[in-house]
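Atoms considered below: every heavy atom in the structure, side chains included; atoms not considered: hydrogens, waters and symmetry mates. Below, read A as the first sequence line, B as the second, and so on, with proteins coming before strands; counting in each chain starts at 1.
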Amino acid sequence: MVDMSVRIGGVALKNPVMPGSGTMAEGLARVMDLNRIGAIVTKTVTPDRREGCPPPRMVEYKDGSLMAIGIPSQGPDYYIAEILPHYRSFDTPLVCSVSAPTVDAFGAITAKLSAPGVAVIEANISCPNLESDGKAFGMDPEASARVIRRMKASTDRPVWAKLTPNVTDIAAVAQAVEDAGADAVTCANGMLGMAVDVENFQPALGNITGGMTGSCMRPVILRMAWQVARAVKIPVIGSGGIATARDALEYLMVGCAAVQVGTQNFIHATAMLDVIDGIEAFCRRKGVARVRDLTGAMRPRHGLREGQAA
Amino acid sequence: MVDMSVRIGGVALKNPVMPGSGTMAEGLARVMDLNRIGAIVTKTVTPDRREGCPPPRMVEYKDGSLMAIGIPSQGPDYYIAEILPHYRSFDTPLVCSVSAPTVDAFGAITAKLSAPGVAVIEANISCPNLESDGKAFGMDPEASARVIRRMKASTDRPVWAKLTPNVTDIAAVAQAVEDAGADAVTCANGMLGMAVDVENFQPALGNITGGMTGSCMRPVILRMAWQVARAVKIPVIGSGGIATARDALEYLMVGCAAVQVGTQNFIHATAMLDVIDGIEAFCRRKGVARVRDLTGAMRPRHGLREGQAA
Amino acid sequence: MAETLCRVLHNDWVNDTYKHLIVDAAHGAARAAPGQFFHLLCPVIGENAPFFRRPMSVYRIDKAQGRLEFLYKIVGRGTTTLATLAPGDELNVFGPLGRGFRLGADRKHIVQVARGVGLATLAPVAESAGRLGIRTTAILSARSPEHVMSADYLRSVGAEVVAVTDSEGTSDAAAVERRVRSLVERDGGDFFVTCGSNRLLRLLQRLGAEYGIGGEVAMEQPMGCGNGMCFACVGSFRNDEGGTSYRRVCWDGPVFDLQEAIAWST
Amino acid sequence: MAETLCRVLHNDWVNDTYKHLIVDAAHGAARAAPGQFFHLLCPVIGENAPFFRRPMSVYRIDKAQGRLEFLYKIVGRGTTTLATLAPGDELNVFGPLGRGFRLGADRKHIVQVARGVGLATLAPVAESAGRLGIRTTAILSARSPEHVMSADYLRSVGAEVVAVTDSEGTSDAAAVERRVRSLVERDGGDFFVTCGSNRLLRLLQRLGAEYGIGGEVAMEQPMGCGNGMCFACVGSFRNDEGGTSYRRVCWDGPVFDLQEAIAWST
Ligand SMILES: Cc1cc2nc3c(=O)[nH]c(=O)nc-3n(C[C@H](O)[C@H](O)[C@H](O)COP(=O)(O)OP(=O)(O)OC[C@H]3O[C@@H](n4cnc5c(N)ncnc54)[C@H](O)[C@@H]3O)c2cc1C
Ligand SMILES: Cc1cc2nc3c(=O)[nH]c(=O)nc-3n(C[C@H](O)[C@H](O)[C@H](O)COP(=O)(O)OP(=O)(O)OC[C@H]3O[C@@H](n4cnc5c(N)ncnc54)[C@H](O)[C@@H]3O)c2cc1C
Ligand SMILES: Cc1cc2nc3c(=O)[nH]c(=O)nc-3n(C[C@H](O)[C@H](O)[C@H](O)COP(=O)(O)O)c2cc1C
Ligand SMILES: Cc1cc2nc3c(=O)[nH]c(=O)nc-3n(C[C@H](O)[C@H](O)[C@H](O)COP(=O)(O)O)c2cc1C
Ligand code: FES
Ligand code: FES
């Protein structure tokens, strides 16, 4: 028996696998038992109601996709009235992702959504589509820290900070939010990208830029998760290009305590179950008693293949 | 007849297609006529001799690769004695890429390599493998500007600045090197990534981190090229995930004057010829008389597909 | 709703651009309703590497034999590799998904107007209507008589079929309008269903408003998840407040109220 | 050296893990030398999506008929999809690449010791030596007698063949050492070539040094470009200054001086 449980910023999870915000919705419950996953993470809610980005919203690549959805949101009241009840019947902790245009508004929505049934508030300080050119709070350590401090003052729930990968020094942002009191960091959101419809000399996305996600981004985001895990003491949740247990193991070994599966849920709705089962099978095969022992289990390469290196 | 010629920072190129530094070598001349491409760009030379990164140096993905080569360099004297002569028989301008650990050393190697037969010096301020954690001059606008100023003072050749994509605000770095006198910017080098050999609990690369390149990075680097082209007046050379003419056209349309083909040269050694021919065929089909008219030809989307957007 | 590995039983050309696919899918077939769709994991072969699944309406549902049928047009990467499947091959099928047609038993005579891939989507409506004892007239619009598909099948389930084609000059808007008016005025047509053409959608919206006749339309949009999770498939729809809002074609549709839909210029 | 679309003529199992591939490649065949390799663009099929090409030594070169032959072991993604090719399919082949064996005409008796895929690499050496009138003895090491490949072919080109196998207990280092010593001491063996085993490489290095006999070894390393451009394929080699330096297996090799090579622990 492998102990699959982990503790992330004050919350006990039965296993380290959960969806990325915005990559699951009520429909998932029709496909699988949400009691099996580590946490439920809902789509980011904003204070205002918004429609999101104009279509087309998606460009496909061989090993990833570029999506500009924006945050279609119906506001916190709707969330409490309509979304929360869907998930009340599961014993899986619910992580509510929030975003807002100002520090004040981050505080207000956090307070409002600290409702019964919400276990954690995840701060989406990183969504690349909201502002032009993708500028976001998460690009600035100071601004990120301000958001988290205000959120911590507005709730008794643990606060997770979801970082943007569109930065020079992601470890610095992680340290700033840790200092500001974040209980965990999620690393990371989609990377800002774009595509051109060359036949028509126009942007392929209605929003021009979008978030690049899926397997092909894993090497880049994994490197960031490694840098973050070495910089902070709070748990790190890896999110970027996880499609299989093997991919999740990479994140755990570089120092993550848990992982979020995103785009892959769109291709195989039960992807998270395969990831959970695969991690457990790996632990069994390798004699790892507790999944949390995998966190940071990567060791330096022994005996370089060719002896001395330059 | 399509006019395929372009001018990049003072140099006339017969067409806008050239290799990325470090993705061609003498072997390419055995496969194709180097007179056909817009420029020859040689592997980065450093002042010292170095062996480069320990193997394994490569991890493959479905639509890109992660390579940690480092800069195996035999120094500028060797370059002048052994590398330059290989390319003297071609009438294609030679771009010599240089890198160095200090601003002074950047100046010195630039002066030294402003040898007969060298048309342009490209500053590799972005190589992600040289310093631990991938820190590089190119991550700091100030440091980048200092390097370019010193190089401009050390040579009468045009200087191109090759940016790193591992930054929050690539447009700011581009503006800094433009102000420092750069004649063009190349956008961009590989993105820092890593991979884990989970079976053996160790990094998959001898160097731990490496540069992620190939098609899957195109959406991200293309977005950066677009941001850079809007921020500077000097020509922008796009480099990231170009495998076909269609890919190159994306870069031209977002504002690039030329492109560099990298990883694809490893898969199809004559990839650049296909890109050149494909761009020319596109121009003919669309009635574009001069390839330079494609630069920045992207227009806003007309009539959003579904009427009014939020 | 589930992800199922099905066995391909048949995958043959119907004409020069369409193929007819039959798979063994007891579970899916048992649950699928007209207008619903399945999200198919098309194979990856060389440069044709579809990343997401591809949505396909159910064309026929054979509950008795546990078979699902699709009628599809080869247009791009996914449909190209789908076309390579041979009997015996496996196909990963996710569904049934979406909201199908709501055929109230109080309808008397359904007028369906379809073009292109819309034929596939509307075929099960005729079959269902037949079982419910509702009269159906299917106006099938196509490029040429060879491209009129499934007329025999529709007749076999009891529908009256009117084929109109570009090559015969019978498919223009005015001609179709005359047909529809006559079906309403003389034959008691009291419900419109349509799929596959913006021009025909606009026509039926106008006539529906004029005659006060309700209807439904099956919409298309490129899809990510097909299951309401990614919001990639939105299009604009008229809302209650007199404006428009985005709705998910995969989740709120693909079948929408005729008058709420907005013909997207594609 | 060029990129050529070849037609597959034959691609069949030799035993449970190896296949024998023959392609029509007039241009490549005319120029390839023993020890050189081709860089093959293996097809992309589903999850098996090799990104770079895969290097394969020429196993046989039939200049008369313009054919190239490869003998390959199925180990991963690229070789798995390579194995799906059927006669008539196309294969994109790039080469010949690399530096092959240098068989000076002054050799009298070449002793070649190969294991695994090394058999493929050394086969053309025997053929070439045969044509140059140089005697060759090939010690073929394998898991079991069924895995000893190409013994007949080697005999047909004039080589003497000694098969040693794990299952018969004849392949251990001591046994092979006795064989080689005897070939040198009694039969005038004056040049070593080897491929496919670090253990055998070390053995021949030791015996070569002891007897003052030269030799060459074909090395392997995962490759990117195969054409000296990416520097992905380096390994450590002894250099003139008594140290080691990285050299590109694709460009400086794959055939290297026996004593300069360092057995990489794989
Ligand atoms: C609910 C639903 C039901 C459908 N039912 C059928 C059916 O029964 N038979 C049938 O032949 N087709 C049907 N379609 C359309 C079918 O899904 C697309 O033709 C298919 O996804 C194209 O995939 P591809 O990889 O071959 O093309 P791609 O290479 O992805 O694209 C080729 C072209 O088709 C366009 N396209 C891609 N996906 C869609 C889409 N989902 N809708 C509209 N245009 C698209 C692209 O913009 C591009 O111009 C349906 C679509 C939906 C949304
Ligand atoms: C110059 C040269 C000539 C070769 N000639 C032959 C030959 O004639 N017959 C033959 O069967 N094989 C030969 N090989 C080995 C062959 O290239 C590899 O087996 C093949 O590339 C593996 O590809 P794959 O996609 O099937 O495996 P992958 O899925 O890429 O990897 C499977 C395993 O093989 C290892 N591997 C991958 N590539 C290589 C490589 N190039 N060298 C060593 N290990 C590797 C990987 O690390 C991994 O452990 C040669 C290699 C070289 C460098
Ligand atoms: C369609 C889509 C919508 C997303 N919406 C949100 C969101 O609302 N809030 C958020 O924090 N992240 C959002 N994300 C980011 C994901 O949660 C995840 O961090 C990212 O996709 C990287 O993981 P992946 O590569 O596994 O998809 C979204 C991603 C996608 C693809
Ligand atoms: C193996 C390899 C070696 C490289 N070496 C250098 C280098 O020495 N100097 C440099 O400026 N860029 C180097 N690059 C970056 C390329 O020039 C190019 O900018 C990058 O690969 C992105 O383009 P691509 O996606 O087309 O490969 C190298 C890239 C690769 C893959
Ligand atoms: S396709 Fe994902 S919500 Fe419709
Ligand atoms: S494989 Fe590219 S240099 Fe050898």
Side-chain angles (χ1 to χ4, degrees), chain A residues 50-56 59 61-64 66 70 72 133-134 139-140 166-169 171 191-198 200-203 206 208-210 212 215-223 226-227 246 249-250 253-254 282 297-302 304-306 308-310, chain B residues 50-56 59 61-64 66 70 72 133-134 139-140 166-169 171 191-198 200-203 206 208-210 212 215-223 226-227 246 249-250 253-254 282 297-302 304-306 308-310:
Chain A
R50 33 170 106 209
E51 282 265 274
C53 302
V59 179
Y61 295 90
K62 284 188 190 162
D63 200 25
L66 180 66
D133 270 25
M139 290 186 173
D140 176 6
N166 301 297
V167 296
T168 309
D169 187 354
M191 204 136 201
L192 200 61
M194 76 179 288
V196 179
D197 168 0
V198 299
N200 299 302
F201 295 79
Q202 65 183 12
I208 305 181
T209 60
M212 188 74 192
S215 298
C216 68
M217 295 311 298
R218 196 174 64 255
V220 172
I221 308 296
L222 181 70
R223 175 268 297 177
W226 175 67
Q227 292 175 322
R246 204 209 68 84
L249 289 165
E250 283 194 279
M253 289 185 188
V254 302
F282 179 90
M298 185 179 85
R299 295 282 162 261
R301 288 184 70 87
H302 306 292
L304 293 168
R305 227 174 131 184
E306 65 320 290
Q308 247 357 59
Chain B
R50 34 170 106 206
E51 282 264 273
C53 302
V59 179
Y61 295 89
K62 284 187 191 163
D63 199 26
L66 181 65
D133 270 22
M139 290 186 174
D140 176 5
N166 301 299
V167 296
T168 309
D169 187 354
M191 204 134 200
L192 200 63
M194 77 179 287
V196 180
D197 168 359
V198 299
N200 299 303
F201 295 80
Q202 64 182 13
I208 305 181
T209 60
M212 188 73 192
S215 298
C216 68
M217 295 311 297
R218 195 174 65 257
V220 173
I221 308 296
L222 181 70
R223 178 266 300 177
W226 175 68
Q227 292 175 322
R246 204 209 68 84
L249 289 165
E250 284 195 278
M253 289 185 189
V254 303
F282 179 89
M298 184 177 84
R299 296 284 161 258
R301 289 183 71 87
H302 306 293
L304 293 168
R305 231 176 129 182
E306 66 317 292
Q308 252 348 65

Legend entry - Which atoms of A:Ile208 approach chain B - backbone, side chain, both or neither, heavy atom under 4.5 Å: side chain
Inset, instruction - Considering non-hydrogen atoms only, spot the tightest contact between B:Leu66 and A:Pro219 and give its length. - result: CD2-CB, 4.4 Å
Legend entry - Top of B:Arg246, B:Arg218, B:Met212, B:Met253 for chain A proximity - count of heavy-atom pairs under 4.5 angstrom: B:Met253
Legend entry - Residue pair A:Arg223 / B:Asn166, side-chain heavy-atom distance below 4.5 Å: yes
Legend entry - Heavy-atom pair of closest approach, residues B:Gln202 and A:Arg301: NE2-NH1, 3.3 Å
Inset, instruction - Measure A:Val198 against the heavy atoms of chain B and call it side chain, backbone, both or neither at under 4.5 Å. - result: both
Inset, instruction - Answer yes or no: is there a side-chain heavy-atom contact under 4.5 Å between B:Met191 and A:Met217? - result: no
Inset, instruction - Provide the closest heavy-atom pair for B:Leu192 versus A:Gln227 in the form atom of the first, atom of the second, distance. - result: CD2-NE2, 4.3 Å
Inset, instruction - Any chance you could measure B:Arg299, atom CZ, to A:Phe201, atom CZ, to the nearest 0.5 Å? - result: 9.5 Å
Legend entry - Heavy-atom side-chain contact between A:Trp226 and B:Val196 under 4.5 Å: no
Legend entry - Nearest non-hydrogen partners of B:Asp63 and A:Asp63, listed with the distance: CB-CB, 4.0 Å
Inset, instruction - Flag the one option from A:Ala297, A:Ser215, A:Pro300, A:Pro203 with the top tally of heavy-atom pairs under 4.5 Å to chain B. - result: A:Pro203
Inset, instruction - Please confirm whether the backbone N or O of B:Met139 pairs with a side-chain atom of A:Thr168, one donor and one acceptor, at under 3.5 Å? - result: no
